[in-house]
Amino acid sequence: MIAIVRATLGLVLVGAGVGAALWLGSGEAAETGGDPGGQGGAKSQWLSSVQCKDCHADVWAEWHGSHHQIAYLNPEVRALSEDFRNKDCQACHLPVPISMTGYGTRTLPRQTFPDEGVSCLTCHLGKAGEILGRNSVPEAPCKPVANTDVISMGLCESCHNQHQTTDQWRASPQAAAGTSCNDCHMPEVERRLGDGSTRKGRAPRYPGAHDAAMLRTSAKFDVTVVAAEGGGGGREIELRLENVGAGHNFPTEERHRAVDMVLRFVDGEGKASEWITGYRFRQPYRDEKGDNTQLPAGEAKAVRIAVPEGAVRAEARLWYRLTPYVEDSDPKCTLLEERSVDLR
Amino acid sequence: MSTCVDDRRRAQAFVGSRAALWVVLLLGSVLQGCSRDAAVQPSPALRPKYDVPPLPELALESRLPVFEARAAKSVADVPAAKRQELVEYFELAHSESASGRTQHRARSAFTEAELAPRVLEWITTEHEDARLRALAAFELGERRTIGATTVLLKRLKYEVDATARVEVGAAVVRLGVESGYEPIDAALRDPGHVARERAGTLVLELAKEAAATLPEQPTWEQLQVFVAARLEAWRQNGVVPAGAHGDDATAEHPLRAARLARLFVDLQGFQLRPVDDARFMLARAGKLGFDDLRLALGASEVHLRNHALEVLRGLGKVAHELRDHVRPLLADPLSRSMALRVLGAIEDREALPWCRELLNDGDLEVRVAAATALGTIADAGAKYLLFAIAHDEAEVMDLRVAAAASLARLELERPWWRWLVEARKAGRYHKETLDELLDSIDAEVDRSRRR
């Protein structure tokens with residue numbers, strides 16, 4: 001019995017000793033982030049956007065909830081990509097850091113941190129595992145290194161030229177004037193620093209197709225009564241849309257996106273006609289017939305619809321639809337403008 | 001600064017939990033008289049040395065020009081006017097309102113035209129009338145138009161008409177690619193399928209052509225079993241037995257080769273549709289694409305080699321013979337995690353030492369891929385390595401989930417399957433990813449039980 005107790009105590013002591021040795025050994029491995037495989041590859045202490053949160057709580061909060069953060073979680077995207085069984089979608093919705101594959105070229109998918117989608121590290125992690133930023137700040141814990149690529153259009157292009165958006169921007173008046181992606185899609189904010197002072201920065205919220213306020217600044221919608229072409233005394237309603245604010249086509253990106261100019265007439269008894277689609281701005285799906293009718297930056301499109309006899313009022317609306325074939329009441333539709341024209 | 005402090009705390013927690021785990025496991029193994037199999041490897045210094053052979057040398061070369069040169073041997077489009085003329089002959093030959101004599105003359109005019117095969121491809125792909133698309137596909141198969149293989153494979157992706165899909169599938173089979181049985185299989189399994197009868201007839205014809213045995217009056221079930229067996233054989237072998245659909249099916253064919261090479265040229269640029277199309281076709285082309293895939297695996301163009309890896313992962317075990325071309329990519333920073341997944345999918349057991357070693361890599365993506373590969377290769381020897389990771393609460397959840405999923409595969413379900421279910425229930429990890437993992441484990445368990 002005593003022998004068993006002694007043996008057990010001995011084992012416990014040996015175990016404790018080995019445990020201590022292991023603790024030390026493991027500690028070294030963990031702190032140095034060693035590479036036992038010795039095969040190379042991007043090694044970094046930066047794995048997740050959560051690591052950025054402590055120092056950059058405000059920036060993190062701006063990004064969290066943005067369409068970049070939910071890129072891989074978004075139910076709309078998951079449905080369209082068949083839950084990412086279409087693996088090619090993953091490269092942009094859950095990308096490796098853009099620096100790895102190069103700015104202005106297609107990126108590759110990662111498999112980790114699905115809830116971070118297009119994360120802080122997607123844009124800010126350098127090829128050698130360093131943090132890239134607008135300025136070098138060697139005293140900061142993450143020691144950002146100044147890099148112009150992270151504020152360049154090439155960073156966005158790796159994903160956003162999939163639907164030619166950056167090509168459209170290159171041909172736009174905004175590009176000629178030096179307006180970049182970030183000027184519109186990373187709004188300026190004033191941040192309070194620890195010492196009470198403030199500093200201007202840009203918020204990684206990326207407003208776009210889901211932001212009604214931004215959509216409303218993109219285009220100018222006009223509804224006017226004009227004499228019918230060819231004379232005869234008739235009248236027509238001219239619906240006109242001018243892309244005054246978007247530095248790319250309106251709408252751009254996905255083929256689901258559509259902008260509709262619609263019109264209806266109201267007679268003297270207050271009876272309204274059906275809504276008539278005056279024009280749809282959209283790039284059709286590949287298996288649909290029709291041309292790309294998106295409105296390029298700086299351009300305008302006008303259509304005319306004859307005023308029927310007895311009409312006393314014309315009502316026009318400008319809709320933005322996230323997917324093309326949904327009713328006006330669907331939450332995927334945003335009413336951008338509503339106009340009424342007296343015809344009496 | 002707080003990030004540094006947190007990192008240190010995290011590291012301490014990680015080290016502490018690991019140390020405690022090692023002690024418990026070591027004591028447990030000693031007290032239970034377990035062999036060293038039960039011990040886990042706690043640190044590089046004390047971990048038993050695996051015999052890890054050096055990786056094959058990574059030598060990448062620009063391969064896009066090679067693909068471009070191969071693709072250049074393709075044929076030009078048929079001039080629009082000539083195409084229109086031949087399309088009209090084809091329409092007339094199959095017109096229900098035309099007289100027999102007119103049909104016959106139109107048929108002869110079409111058949112004798114040198115460009116008829118190319119126009120048949122156009123009709124199969126572009127014609128508005130689904131009946132004519134189906135007839136054109138049938139004729140491409142009947143004529144053994146080997147050059148149309150990629151055209152028909154792509155049509156399998158886009159054809160929405162149920163009958164035309166079955167005809168396209170049969171044509172693909174006749175060209176020596178038995179993944180074409182997929183739509184036929186679907187039609188046979190669905191009693192209400194509009195083309196079920198036609199699918200049955202086609203199977204009888206295809207079986208006869210391949211000199212395969214089927215009862216003279218087979219039941220629907222017998223037809224299903226036959227087709228399922230052909231599909232499984234295709235997945236395993238990626239090639240039909242010589243002469244199964246005529247000798248041409250397996251022989252070199254310049255147009256088919258040029259069009260397969262074109263799939264790799266079209267990967268350049270930003271557009272993802274050609275990438276998806278190419279993967280769809282190559283994943284169904286069996287070994288026909290191996291020559292190009294082998295070339296792409298050694299490409300300095302990152303998207304070429306990653307695309308080849310994606311295709312190989314989809315092909316699975318049939319791609320085992322390309323393992324020697326995949327292994328060097330374990331040293332490629334841009335494709336090593338995908339290479340690990342492929343080695344897992346093709347069940348390359350000789351790659352196990354590298355997979356185990358890369359569990360400790362500095363790149364999390366690589367560690368996760370290594371943990372996954374150990375499960376798909378079913379490396380029972382890695383059980384305790386995976387066990388230690390899955391148990392380690394200081395580890396990144398992505399890695400723990402991958403390790404748990406591999407353990408669930410190794411143990412054919414419990415208790416790691418339950419651990420994953422619990423993780424999903426508690427919202428500890430991305431639900432859809434866990435759903436996908438659990439589904440794939442369930443499917444594997446089902447397959448194993450059937451075996």
Per-residue contact mode, B:Gln268 against chain A (heavy atom under 4.5 angstrom)
backbone

For the pair A:Asp88 and B:Arg273, find out whether any cationic side-chain nitrogen is under 4.0 Å from an anionic carboxylate oxygen.
no

Can you measure from CG (B:Asn306) to CG (A:Leu108) and round to the nearest 0.5 angstrom?
4.5 Å

May I ask you to test the B:Tyr429-A:Asp115 pair for a side-chain heavy-atom distance under 4.5 Å?
no

Between B:Pro333 and A:Met100, which heavy-atom pair has the shortest distance, and what is it?
O-CE, 4.0 Å

Heavy-atom proximity to chain B below 4.5 Å, by part of A:Thr166
neither

Let me know if B:Val368 has heavy atoms under 4.5 Å from chain A in its side chain, its backbone, both or neither.
side chain

Taken to the nearest 0.5 Å, the spacing of A:Leu47 CG from B:Glu365 CD works out to 10.0 Å

If you count heavy atoms of other groups shown closer than 6.0 angstrom to CD of A:Glu139, is the number above 12?
yes

When you compare the side chains of B:Ser337 and A:Gln111, does any donor N or O come within less than 3.5 Å of an acceptor on the partner?
no

In the structure I gave you, are the side-chain heavy atoms of A:Arg110 and B:Leu364 within less than 4.5 Å of one another anywhere?
no

Just wondering, do A:Tyr72 and B:His430 contact through their side chains at under 4.5 Å, heavy atoms?
yes

Please find the pair of heavy atoms, one from B:Glu432 and one from A:Asp83, that lie closest to each other, and give the distance.
CG-OD1, 4.0 Å

Taking the side chain as every heavy atom from C-beta outward, state whether A:Ser48 and B:Val396 have any pair of such atoms under 4.5 Å apart.
no

Once you round to the nearest 0.5 Å, how far does NZ of B:Lys431 lie from CG of A:Leu73?
12.5 Å

Taking the side chain as every heavy atom from C-beta outward, state whether A:Arg106 and B:Leu272 have any atom pair closer than 4.5 Å.
yes

Picking from A:Glu157, A:His160, A:Gln164, what satisfies side-chain contact (heavy atoms from CB on, under 4.5 Å) with B:Phe270?
A:Glu157

Under 4.5 Å heavy-atom distance to chain B, tell me which part of A:Phe84 shows up: side chain, backbone, both or neither.
neither

Would you say that more than 12 heavy atoms from the other residues, nucleotides or ligands in this model lie under 6.0 Å from the CD of A:Glu288, or not?
yes

Taking atom CG of A:Asp291 as the centre, report whether more than 12 heavy atoms of other residues, nucleotides or ligands fall under 6.0 Å from it.
no

Mark yes when over 12 heavy atoms from residues, nucleotides or ligands other than A:Arg192 sit less than 6.0 Å from its CZ; otherwise mark no.
no

